[in-house]
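Here's the structure we're looking at; comments come further down.
Counting starts at 1 for both ligands and their atoms, following the listed order.
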Amino acid sequence: MVIPAPRKAVQDLAPYVPGEQPQGAGWTKLNTNENPYTSPKALAALEGQASQALSRYPDPLAADLREKLSQIYDLDVGWVYVDNGSDQILNLIFRAYVERGQTVAYTFPTYPYYEVWAHMQDAAIKTVEPGPDFAVPIDALAAEQATLTAISNPNSPTGTFTPPDQIERLAEQCAGLVVVDEAYVDFASASALPLIEKYDNIIVSRSMSKSFGLAGVRVGYAFARPELLEPLWKLRDSYSVSRPSQAIALATLDDYGWMRKVCAEIRERRERVAARLAREFPCKVYPSDANFLFVEPTTHTAADVFEALKERKVLVRYFRQHGLERYLRITIGTEEEMNEFFKALSEVLKQSNVPTTGGTQ
Ligand SMILES: Cc1ncc(COP(=O)(O)O)c(C=O)c1O
């Protein structure tokens, strides 16, 4: 018997490695950029699900949810797409727009899933070097004239924010599709959203996992002119957003003011944590407009700090990827979680069996 082989692209694929979801209690989990809070309206909607028609399929068009989004963002509902998390949306965009051998461009480092999706399309990948402090190199990206140019804004894992006028320059210069992944935009000061009416080639993708605190619910949305969204409607699984997910997302959008308040709180804490890290610990902290910080320890290796924190049940993100070995990404959690993090970090740096690199900064 011959076991059927998958496509060559799948055989060769190095899959995306998601952040660890630790089992058991007592963890301070600062590794996957979740929001530590949930809207009370989301919890009430979850409880309400017990009486819902779970034996019936959900609305395939997520009409109520899209209507609500169109009101909040002041768009016609045809410009709004909803799916099972923004990963699903981005995946569909790559599938819909990139043919074998066509080019996909992005900077490094950025969201590693772009590479996976580009590989799945057998695309030619152009990775463009960032500027100082990981600034996204807009003109160099545009110079690639890729079929699809992806930009995470703010970028993950660095937190770098690219102002909308630079995204506009990218859209202006690119003949191909520009995908602006705004999973973290609610923690930043501006969005590329107004550009979708001015340019024919921009899709803006958003997530409810971060600012809205619904990572476990899996809802993402995208904004673009209807012609750009149409291929996604053709490709998607019709019932991809479950009935409970639609209800919880809708209730959370009703609590929009709650989201703004939580984001303001996290932003303010991010600045305090960044200042304390820079003051008290030997590291470089990169400027961030997201709900996380990108940090480069200067006297210890990032790998050792990561392991020693983990032994103390504090989980941050360490990427075992070539080029990212020197960095840690730390999600901004609650005040208590950040205190746990600082307590563990000072123990780690005092501990004699965590080797230093000999750095002096
Ligand atoms: C840059 C970026 N884009 C998209 C996503 C996916 O988010 P979602 O939970 O909506 O699939 C993430 C998740 O970590 C992310 O960091």
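Residue Ala183 has at least one heavy-atom neighbour below 4.0 Å for each of these atoms of ligand 1: 2 (C), 3 (N), 4 (C). Heavy-atom contacts of Ser152 reach the following atoms of ligand 1: 1 (C) (cutoff under 4.0 Å). Close contacts between ligand 1 and Lys210 involve ligand atoms 13 (C), 14 (O) [criterion: under 4.0 Å to a heavy atom]. Which parts of ligand 1 touch Gly85 is read off a 4.0 Å heavy-atom cut-off, strictly below it: atoms 10 (O), 11 (O).
Considering both main-chain and side-chain atoms, Asp181 comes within under 3.5 Å of ligand 1 through a nitrogen or oxygen pair. For the pair Ser207 and ligand 1, the shortest N or O to N or O distance falls below 3.5 Å. Looking at ligand 1, you won't find any N or O of Gln88 less than 3.5 Å from one of its N or O atoms.
Contacts with ligand 1 closer than 4.0 Å are made by side-chain heavy atoms of Arg218 only, the backbone lying farther away. In Ser209, the part holding a heavy atom less than 4.0 Å from any atom of ligand 1 is the side chain. Of all the heavy atoms of Tyr113, none lies under 4.0 Å from any atom of ligand 1, so neither backbone nor side chain is involved.
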As a quick check of understanding, evaluate side chain to side chain donor-acceptor pair (under 3.5 Å) for Arg329 and Ser156, giving each step before the final call. CA-CA 9 Å; Arg329 194 190 65 190; Ser156 178; 3.0 Å; yes
Can you list the steps and then say if Lys284 with Asp133 is a side-chain contact (heavy atoms from CB on, under 4.5 Å)? CA-CA 10 Å; Lys284 171 161 179 163; Asp133 280 355; 3.0 Å; yes
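When the side chains of ILVMFWY residues are joined at heavy-atom separations under 4.5 Å, either directly or via intervening members, Ile202 and Leu69 end up in a single hydrophobic cluster. Criterion: ILVMFWY side-chain heavy atoms under 4.5 Å apart, direct or through other members. Under it, Val185 and Tyr81 are not part of a common hydrophobic cluster.
Protein heavy atom at the shortest distance from atom 7 (O) of ligand 1 is Ser86 OG, 3.1 Å.
Screening residues 64-86 for salt bridge (Lys or Arg N to Asp or Glu O under 4.0 Å) gives Lys68-Asp254, Asp83-Arg236 as the qualifying pairs, with residues at least two apart or on separate chains.
Of all heavy-atom pairs between Ile330 and Phe341, the closest is CD1-CZ, 3.7 Å.
Under the salt bridge (Lys or Arg N to Asp or Glu O under 4.0 Å) criterion, Glu271 pairs with no residue at all, not counting sequence neighbours.
Taking a 4.0 Å cut-off on heavy atoms, Gly220 fails to register as neighbouring ligand 1.
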